[in-house]
Trainee: 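Got a structure here, written out as structure tokens. Questions coming.
When reading the values below, keep in mind they use all heavy atoms of this one structure, side chains included, and skip hydrogens, waters and symmetry mates.
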Amino acid sequence: MIWLGIGVLVIGIAFLILVLVLIKPLSNLANVLNSVQETTDALPEKLDTITNQTSEIMNQTNQTLQDVNVKMAELTPMFQIIGNAGRASEELTYSLVNTTRSMKNTTEEGEDITSRTGLKGISGGIAFGYYIFKKRKALKDTIDNLK
């Protein structure tokens with residue numbers, strides 16, 4: 001029995017040493033667990049706050065988008081008018097370019113006629129003016145027919 005008592009005493013001493021060694025880490029673990037509990041206790045309030053703020057932001061975003069859509073709907077006719085004006089000015093510019101080219105060709109033909117016929121000075125100017133008048137009238141008739 002003595003050996004049994006000695007064995008229990010050795011086990012008891014070993015257990016006591018183990019308890020003394022583990023006191024500090026277990027105390028630290030208890031502190032960490034308390035800190036985690038405090039954090040998790042405050043978590044629902046923080047999540048509620050975040051959820052409320054997110055809802056407010058989403059509502060404001062929706063209102064902003066609705067406002068932008070209304071303003072875009074109001075601006076759309078203006079953009080259409082500007083586009084129509086741009087297309088009309090493009091057509092006018094195209095017509096003016098064609099008219100200018102035609103007049104250039106007409107004046108070149110008129111210069112050829114005056115140089116071929118040998119008309120110079122006043123008589124050449126009169127012939128050139130008459131030729132331009134005829135071409136201009138023909139061009140005007142062509143434009144009127146297109147309309």
Trainee: Between side-chain atoms of residues 43-53 and protein atoms elsewhere (two or more places apart, or another chain), which donor-acceptor pairs fall under 3.5 Å?
Mentor:
unit_1 : atom_1 : unit_2 : atom_2 : d
Thr49  : OG1    : Glu45  : O      : 2.9
Thr51  : OG1    : Leu47  : O      : 2.6
Asn52  : ND2    : Asp48  : O      : 3.3

Trainee: With side chains defined as the heavy atoms from C-beta onward, is the minimum distance between Asp41 and Glu38 less than 4.5 Å?
Mentor: no
Trainee: Give, for atom OG1 of Thr64 and atom CG of Asn69, the distance between the pair rounded to the nearest 0.5 Å.
Mentor: 11.0 Å
Trainee: Do Gln37 and Leu33 have side chains that get closer than 4.5 Å, going by heavy atoms?
Mentor: no
Trainee: Got a second to check how far Leu75's CG is from Ile82's CD1, nearest 0.5 Å?
Mentor: 9.0 Å
Trainee: Are Met72 and Ile81 linked, directly or through other ILVMFWY residues, by side chains that come within less than 4.5 angstrom of each other?
Mentor: no
Trainee: Can you measure from CD1 (Ile13) to CG (Leu9) and round to the nearest 0.5 angstrom?
Mentor: 4.0 Å
Trainee: Do Leu29 and Val21 share a hydrophobic cluster, counting only Ile, Leu, Val, Met, Phe, Trp and Tyr and linking them when any side-chain heavy atoms are less than 4.5 Å apart?
Mentor: no
Trainee: Val19: which residues meet the side chain to side chain contact (heavy atoms under 4.5 Å, CB included) condition with it, sequence neighbours left out?
Mentor: Phe15, Ile23
Trainee: Verify the cluster assignment for Met58 and Leu65: are they in a single hydrophobic cluster under the rule of side-chain heavy atoms below 4.5 Å apart?
Mentor: no
Trainee: Applying side chain to side chain contact (heavy atoms under 4.5 Å, CB included), can you list everything that pairs with Ile57, at least two apart in sequence or on another chain?
Mentor: Thr61
